[in-house]
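Report on the structure given below.
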Amino acid sequence: MTRSIPLGRPTVGQEELDAISEVFDSGWLSGAGPSCLAFESEFAEAMGASGALATSNCGTALHLAQLAFGIKPGDEVIVGDYTFPATGHSVMWSGATPVFVDIRRDIWSIDPAQVEAAITPRTVGIIAVDVFGQPADYDELRAIADRHGLWLLEDGACSAGATYKGRPAGSLADAAAFSFHGRKGITAGEGGALVSDDADLIGHARKLHTYGIAPAITREGQATLPVPSFDELGYNYRMSDIQAAIMRVQVRRLPELLRQRQVVADRYRERLSDLEQILLPAQLDDRTHPWQSYVITVAAGIDRGAVALALRERGVGCNFGTYASHVQPLYGERESLPVSADLFQRHIAIPMYAGLAEDDVDYVADTLRDVVASAAVRR
Ligand SMILES: *Cc1c(COP(=O)(O)O)cnc(C)c1O
């Protein structure tokens, strides 16, 4: 019997269905309602911040944060190169330019030692990406940002529940953006959140996420009939109250989901650490890894494409890791960033999700061992 083990699988079930049914009964399905407000306070607390705003996805949360920081066309923003398109794109949505900086070879987040060389008079901020959820170097980045008067934004799309020196992701920069896409550790199918201790920033983002007018819920129950005027260009970047209800359950389950993913990561390490043809992902001692993805690096001389194909043929879901941004045509001609460019060619994500059975983990590990030992994958 051939197995089929997906790369990832959302962990949702009866509790989430019950929560959806409560929202149906309440009659408030659209966004910025009671369910969103409850989710926001619970999520902010879980992320160690004083405020949160529920959004349609992480990209819109990144955009809102930058708008609230006052970004304008022509500005430059320093961005960790190895990431999903949302990070660089979100800078361009404001007519600003992402300036990509190379990454650490071990944990793949922006290399603080290379940030200062990229700062110009046009630089206004830094976006650090917690790659696959493991937090970037916030102490070093904070010092650089402060020295140059820049804002610091955490792309924490994958990092709900991660910690850095004992502090939760979401409390590590001026603001943080999270994703609740189906491939992330906690999910409502789609969704996102902006988190910050700065109440003015959250307030401004809140206004912009609902077409630049005060949300309907703040006008409910008023004795008069306040009619907002349009004084600022806003968007519909709202999460629906249905998604928020799902997310409230997911946030409650987060510690257990993280624990289950760590079990899978530990088992992979146990089963694969002696394998010469691959490098396992680094987990640094001063931070915790939420394992949104489990990404291995194939050694030089191994054909990644052939490995991926052979794994899929044997029922093991896999994919490339994430993207080197500076090589993408959309961003134009850029100076080469060797570490990011190299890892972009050598990464493979293998199955990782809460509840992945030990037996399946072992099957993945054995299959991988077999595949990389075969002559067919040597260049
Ligand atoms: C998934 C991801 C995003 C985008 O999230 P959406 O919710 O789909 O907008 C942004 N940044 C990183 C690092 C991601 O992994």
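We use all heavy atoms of the structure for the numbers below, so side chains are in, but hydrogens, waters and symmetry mates are not.
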TODO: Report the C-alpha separation of Leu29 and Phe24 in whole Å, then their side-chain angles, then the decisive distance to 0.1 Å, and conclude whether the side chain to side chain contact (heavy atoms under 4.5 Å, CB included) test is met.
DONE: CA-CA 7 Å; Leu29 306 191; Phe24 280 20; 4.0 Å; yes

Open item on the list: Please tell me whether Leu254 and Phe39 are part of a single hydrophobic cluster in this structure, the criterion being side-chain heavy atoms less than 4.5 Å apart.
Closed with: yes

Task: Backbone of Gly13 reached by a side-chain donor or acceptor of Glu16 within 3.5 Å - done: yes

- [ ] Any side chain to side chain donor-acceptor pair (under 3.5 Å) involving residues 328-339? Give me the pairs, sequence neighbours left out, ordered by first then second residue.
- [x] His89-Tyr331

Open item on the list: side chain to side chain donor-acceptor pair (under 3.5 Å), that's the test. Do Glu76 and Thr120 meet it? Break it down for me.
Closed with: CA-CA 8 Å; Glu76 290 177 2; Thr120 76; 2.8 Å; yes

Open item on the list: For the residue pair His289 / Gln262, report whether a side-chain donor-acceptor contact shorter than 3.5 Å exists.
Closed with: no

Task: Sidechain-backbone polar pair: Arg304 side chain, Gln345 backbone, donor-acceptor under 3.5 Å - done: yes

Task: Neighbour count above 12 (heavy atom, 6.0 Å) for Arg122 CZ - done: no

Open item on the list: Between Gln292 and Gly133 (side chain of the first, backbone of the second, donor and acceptor by atom type, cut-off under 3.5 Å), is there such a pair?
Closed with: no

Task: Gap between atom OG of Ser196 and atom CG of Leu201 - 0.5 Å precision - done: 4.5 Å

Open item on the list: Would you say that Lys72 contacts Asp75 through its side chain, given a criterion of any heavy-atom pair below 4.5 Å between the two side chains?
Closed with: yes

Task: Hydrophobic cluster membership, Leu62 vs Leu53, 4.5 Å side-chain cutoff - done: yes

TODO: Find the distance between CZ (Phe100) and CD1 (Ile127) and round it off to the nearest 0.5 Å.
DONE: 9.0 Å

Task: Crowding at CZ, Arg9 (>12 non-hydrogen neighbours, <6.0 Å) - done: no

Open item on the list: Is there a path of hydrophobic side-chain contacts, each under 4.5 Å between heavy atoms, that joins Met239 and Phe43?
Closed with: yes

Task: Where Arg369 and Leu272 come nearest, the two heavy atoms and their spacing - done: NH2-CA, 4.2 Å

TODO: Would you please say whether a donor-acceptor pair under 3.5 Å links the side chains of Asp155 and Thr87?
DONE: yes

Task: salt_bridge(Asp241, Arg248) N-O dist < 4.0 Å - done: no

Task: Donor-acceptor under 3.5 Å (His148 side chain, Leu150 main chain) - done: no

Task: Side-chain heavy-atom pair Trp291, Leu258 within 4.5 angstrom cut-off - done: no

TODO: To the nearest 0.5 Å, tell me how far Cys158 SG sits from Phe178 CZ.
DONE: 10.5 Å

Task: Ionic contact status for Arg287 with Asp137, cut-off 4.0 Å - done: yes

Task: Non-hydrogen side-chain atoms of Asn236 and Thr210 separated by less than 4.5 Å - done: no

Task: Main-chain N/O of Ser50 paired with Asp197 side-chain donor or acceptor, under 3.5 Å - done: yes

- [ ] Report the C-alpha distance between Ser30 and Arg238 in whole Å, list the side-chain angles of each, state the deciding distance to 0.1 Å, and finish with yes or no for side chain to side chain donor-acceptor pair (under 3.5 Å).
- [x] CA-CA 8 Å; Ser30 55; Arg238 291 187 298 266; over 6 Å; no

Open item on the list: Check whether Arg346 reaches the backbone of Val298 with its side chain - one donor and one acceptor, N or O, closer than 3.5 Å.
Closed with: yes

Task: Asp342 bridged to Arg105 by N-O distance under 4.0 Å - done: yes

Open item on the list: Using side-chain heavy atoms (C-beta onward) and a distance below 4.5 Å, is Leu7 in contact with Arg183?
Closed with: yes

Open item on the list: Which residues pass the side-chain contact (heavy atoms from CB on, under 4.5 Å) test with Ala341, not counting sequence neighbours?
Closed with: His326

Task: In one Ile/Leu/Val/Met/Phe/Trp/Tyr side-chain cluster, 4.5 Å: Ile202, Leu208 - done: yes

TODO: Indicate the ring-plane relationship of Tyr82 and Phe132, choosing parallel, tilted or perpendicular according to the 30° and 60° boundaries.
DONE: perpendicular

Task: Heavy-atom closest contact (Thr55 atom, Ala61 atom, distance) - done: OG1-CB, 3.7 Å

Task: Contact check, side chains of Leu152 and Tyr138, non-hydrogen atoms, under 4.5 Å - done: yes

TODO: Decide, yes or no, whether a salt bridge links Glu358 with Arg271 under the criterion of side-chain N to carboxylate O below 4.0 Å.
DONE: no

- [ ] Without swapping roles, check the side chain of Glu154 against the backbone of Val195 for a donor-acceptor pair under 3.5 Å.
- [x] no

TODO: Cation-pi check, Lys184 to Phe84: give yes when NZ or CZ is under 6.0 Å from the six-membered ring centre and within 45° of the ring axis, no otherwise.
DONE: yes

Task: Heavy-atom closest pair, residues Arg253 and Val12 - done: NH1-CA, 4.0 Å

Open item on the list: Within the 4.5 Å heavy-atom criterion, are Trp93 and Val91 side-chain neighbours or not?
Closed with: no

Open item on the list: Using a strict threshold of under 4.0 Å (side-chain N to carboxylate O), is an ion pair present between Lys165 and Asp285?
Closed with: no

- [ ] Give a yes or no on whether Val307 and Phe320 share a hydrophobic cluster (residues Ile, Leu, Val, Met, Phe, Trp, Tyr; joining criterion: side-chain heavy atoms under 4.5 Å apart).
- [x] no

Task: Evaluation steps, side chain to side chain donor-acceptor pair (under 3.5 Å), between Gln134 and Asp130 - done: CA-CA 5 Å; Gln134 183 163 220; Asp130 303 335; over 6 Å; no

Task: CG on Leu257 to CZ on Arg261, rounded to 0.5 Å - done: 7.5 Å

Task: Charged N-O contact under 4.0 Å between Asp360 and Arg3 - done: yes

Open item on the list: Within this structure, what is the CG-CG distance for the pair Leu172 and Leu153, rounded to the nearest 0.5 Å?
Closed with: 12.0 Å

Task: 4.5 Å side-chain heavy-atom contact, Leu279 and Ile296 - done: no

Task: Closest non-hydrogen atom pair, Thr187 against Phe180 - done: OG1-O, 2.7 Å

- [ ] Could you check whether the rings of Tyr237 and His63 sit parallel, tilted or perpendicular, using 30° and 60° as the cut-offs?
- [x] tilted

Task: Backbone N/O of Gly355 and side chain of Gln260: donor-acceptor pair under 3.5 Å - done: yes

Task: Among Ile110, Ile103, Val101, Thr83, the one residue meeting side-chain contact (heavy atoms from CB on, under 4.5 Å) with Ser340 - done: Ile103

Open item on the list: Check whether Ser374 reaches the backbone of Ala376 with its side chain - one donor and one acceptor, N or O, closer than 3.5 Å.
Closed with: yes

Open item on the list: With a 4.5 Å cut-off on side-chain heavy atoms, are Val264 and Tyr353 touching?
Closed with: no

Task: Derivation and outcome, side chain to side chain donor-acceptor pair (under 3.5 Å), residues Thr288 and Thr163 - done: CA-CA 5 Å; Thr288 62; Thr163 61; 2.9 Å; yes

Task: Test item: Ser325 side-chain N/O and Asp81 main-chain N/O as donor-acceptor pair under 3.5 Å - done: yes

- [ ] For residues Tyr268 and Leu280, report the shortest heavy-atom separation together with the two atoms involved.
- [x] O-CD1, 4.2 Å

Open item on the list: Measuring from atom CD1 of Ile144 to atom CD of Glu116, what distance do you get when rounded to the nearest 0.5 angstrom?
Closed with: 5.0 Å

Task: Minimum heavy-atom distance Gly191-Gln243, with the two atoms named - done: N-NE2, 4.0 Å

